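Below is one structure; the comments refer to it alone.
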Amino acid sequence: MTAVAVDTVADAPAGPPPKRLRIAVLNRIFRPTGGGAERYSIALVEQLAARHDIHVFAQQIDHQWPGVTYHPIAWPFDKPRWMNQLWFACATWWHTRRGYDIVHSHENTWHGQVQTVHVVPVTYNLLQGRTGWIRALRCLKIVTSPRLLAYLGLEYFRYRPHPDRRIVLASDSLRAAMVQAFPQAVNALRVVTPGVSRVAGVTGAAQKLAARVKLGLPHGGRCVLFVGNDYRKKGLDSLLRALTQLPTDCFLAVVGNAAQITRYRSELAANGELDRVFFLGALQTVEDAYCAADCLAHPTLEDTFAMVVLEAMAHGLPVVVSGARYCGISGLLVHETHALILKDPHDTAELANALQRLLADDVLAGQLTDHGLRFANQHLWSKQALQQEQLYYEIGAGR
């Protein structure tokens, strides 16, 4: 495998650590082009590498950072995915069963004193709110499915009470689901939200032009940015419909998993709308895309936090984002202060109206930019990493 250095420079938390720890970090995919969970894990590693001995255990590694030791884990099962999840859990347990002060898992594993949760538990999605014969049918589905038994079994052991275990939620929006699905874990729950490595600020005209040239985007016009690996779940379909209602000088730049591009290109070409949409694929760093854009649209249907919103704010972009019911970060935002918040991301008219307001009203856009920059400055990874580090010491003190 080829190691690629990450562009972003992480400022380490201030002050020497009370004790240098040997920490194992578990994440099947460890590359910056992954999703939010992967970038969350990478950012913490980069922040803490100067203070602790960090060892990364992963199946896909495309990252290099001073002081970090990488341990590739074999990938014998591409499919079914649940078998690979079991394999990864077993393999990492074997490699980390001794010799580490802290094992920090970002995966569905039964071991590790720190378990960071990035998505709603499978148990919650399957059983919450189901009663009577509907629940009985769900239970029958579970006991006849090796895949579901594997995932639910791993979750049961992952979240069972243990004095040395802390369950870290990447967003407070996950707390209700965790409490309902695993009430026995309530005392172990902590929240450490994502951050940004730095607040870059508003992009100047020359830098914006250079970024557009580099990415192959139109030099003029107004650029709406979309960032997400799961196009459907992150709301691209609604955004494409909304784009047809925006002025003709507006175009859309799409960053994310290239595997879905062909289908979307075909549909757009059939409708004669391909000339306003630019698919950039997965980028090693999204920095250039933020610099090239005029705003970010994130009409997600499901996001426990949405790091892309925070990153866009750190680059001075005004944002349109789904409400807290759909997107965790929106629970921390104020409508028309930090962002324009959508009541229903399925509502194309609401999304189009929000984008039209933002693009037509320079005063509103400026206010969102100013408050977004302040919000981002309150969520620096250097601060968030200290919260995570404190949990490590809390566990050690309890032994």
Side-chain angles (χ1 to χ4, degrees), residues 1 3-6 8 10 12-13 17 19-75 84-85 87-119 154 157-159 162 164-170 188 190-195 197 304-305 307 381-382 384-396:
M1 67 185 68
V4 179
V6 174
T8 303
K19 175 187 176 183
R20 191 173 183 88
L21 302 173
R22 183 176 169 88
I23 302 169
V25 176
L26 316 181
N27 208 349
R28 288 184 306 108
I29 299 173
F30 202 81
R31 61 179 187 218
T33 54
E38 290 77 19
R39 291 189 291 124
Y40 181 109
S41 174
I42 286 172
L44 280 179
V45 164
E46 291 175 355
Q47 289 291 332
L48 296 174
R51 299 165 64 83
H52 304 285
D53 298 325
I54 306 291
H55 294 253
V56 171
F57 293 80
Q59 291 179 309
Q60 294 184 27
I61 302 173
D62 187 6
H63 182 262
Q64 181 176 306
W65 198 262
V68 178
T69 304
Y70 300 91
H71 303 265
I73 299 295
W75 192 321
N84 182 61
Q85 191 71 52
W87 164 263
F88 183 79
C90 292
T92 52
W93 168 78
W94 179 260
H95 286 293
T96 64
R97 68 194 189 280
R98 62 174 67 96
Y100 294 93
D101 298 303
I102 295 291
V103 176
H104 185 166
S105 176
H106 295 265
E107 294 287 344
N108 197 0
T109 60
W110 69 80
H111 55 97
Q113 302 99 317
V114 178
Q115 298 283 339
T116 294
V117 185
H118 297 276
V119 297
L154 285 171
F157 288 105
R158 185 185 194 192
Y159 302 133
H162 192 284
D164 286 342
R165 181 158 295 179
R166 300 295 182 272
I167 300 170
V168 178
L169 311 179
R190 305 290 189 275
V191 177
V192 179
T193 59
S197 295
T304 54
F305 187 79
M307 289 175 62
W381 271 122
S382 55
Q384 307 306 91
L386 285 177
Q387 295 181 38
Q388 184 63 72
E389 183 183 72
Q390 187 56 43
L391 289 180
Y392 296 157
Y393 292 130
E394 182 181 306
I395 292 168

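What's counted below: heavy atoms across the whole structure, side chains too, no hydrogens, waters or symmetry copies. The structure presented is a predicted model; accordingly, all values stated were derived computationally and were not measured.
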Can you tell me how far CD1 of I54 sits from CD1 of I23, rounded to the nearest 0.5 angstrom? 4.0 Å
Do any N or O atoms from the side chain of D164 and from the backbone of Q113 form a donor-acceptor pair under 3.5 angstrom? no
How far does CG of L169 sit from NE2 of H118, to the nearest 0.5 angstrom? 10.5 Å
Less than 4.5 Å apart, any side-chain heavy atom of Q60 and any of W75? yes
Donor-acceptor pair between H63 and E46 side chains, under 3.5 angstrom: yes
Supply the atom-to-atom distance Q387 CD to E389 CD, rounded to the nearest 0.5 angstrom. 11.5 Å
Sequence-distant partners of R190, salt bridge (Lys or Arg N to Asp or Glu O under 4.0 Å), two or more places apart: E394
How far does CG of N27 sit from CD1 of I73, to the nearest 0.5 angstrom? 12.0 Å
Give the minimum heavy-atom separation between A49 and P66, together with the two atoms involved. CB-O, 3.8 Å
Measure the spacing between CD of Q59 and CZ of F30 and express it to the nearest 0.5 Å. 14.0 Å
Derivation and outcome, side chain to side chain contact (heavy atoms under 4.5 Å, CB included), residues V168 and L391: CA-CA 9 Å; V168 178; L391 289 180; 3.5 Å; yes
Output yes when a side-chain donor or acceptor of R51 lies under 3.5 Å from a complementary backbone atom of L48, and no otherwise. no
Test item: R28 side-chain N/O and E107 main-chain N/O as donor-acceptor pair under 3.5 Å: no
Check M307 against G36 and note the closest heavy-atom contact, atom names and distance. SD-O, 3.3 Å
Tell me, with the steps shown, if H111 and S105 meet side chain to side chain contact (heavy atoms under 4.5 Å, CB included). CA-CA 8 Å; H111 55 97; S105 176; over 6 Å; no
Taking the six-membered ring for Trp, are Y40 and W381 ring centroids under 6.0 Å apart? yes
Closest non-hydrogen atom pair between A58 and F88, with its separation: CA-CE1, 4.2 Å
List in chain and number order the residues that pass salt bridge (Lys or Arg N to Asp or Glu O under 4.0 Å) with R39, two or more places apart in sequence or in another chain; answer none if no residue qualifies. E311
To the nearest 0.5 Å, how far apart are CH2 in W94 and CZ in F57? 13.5 Å
Do the side chain of T96 and the main chain of T92 share a donor and acceptor less than 3.5 angstrom apart? yes
Sidechain N-carboxylate O distance under 4.0 Å for R31, E38: no
Using the six-membered ring wherever Trp is involved, compare the ring planes of H55 and Y100 and label them parallel, tilted or perpendicular (cut-offs 30° and 60°). perpendicular
Would you check if there is a donor-acceptor pair between the side chains of Q384 and T193 at a distance under 3.5 Å? yes
Can you check side chain to side chain contact (heavy atoms under 4.5 Å, CB included) on V117 and I167, steps first, answer last? CA-CA 7 Å; V117 185; I167 300 170; 3.6 Å; yes
Check: W87 side chain, A74 main-chain N or O, donor-acceptor pair, under 3.5 Å: yes
For this output row, return yes or no: ring centroids of Y392 and H104 closer than 6.0 angstrom. yes
Side-chain donor-acceptor pair present, Q115, H106, cut-off under 3.5 Å: no
Does L154 form a side chain to side chain contact (heavy atoms under 4.5 Å, CB included) with W110? I'd like the steps, not just the answer. CA-CA 6 Å; L154 285 171; W110 69 80; 3.7 Å; yes
Do L21 and D53 touch side chain to side chain, with heavy atoms closer than 4.5 Å? no
Quick check: does any side chain N or O of H71 sit under 3.5 Å from a backbone N or O of V56, one acting as donor and the other as acceptor? no
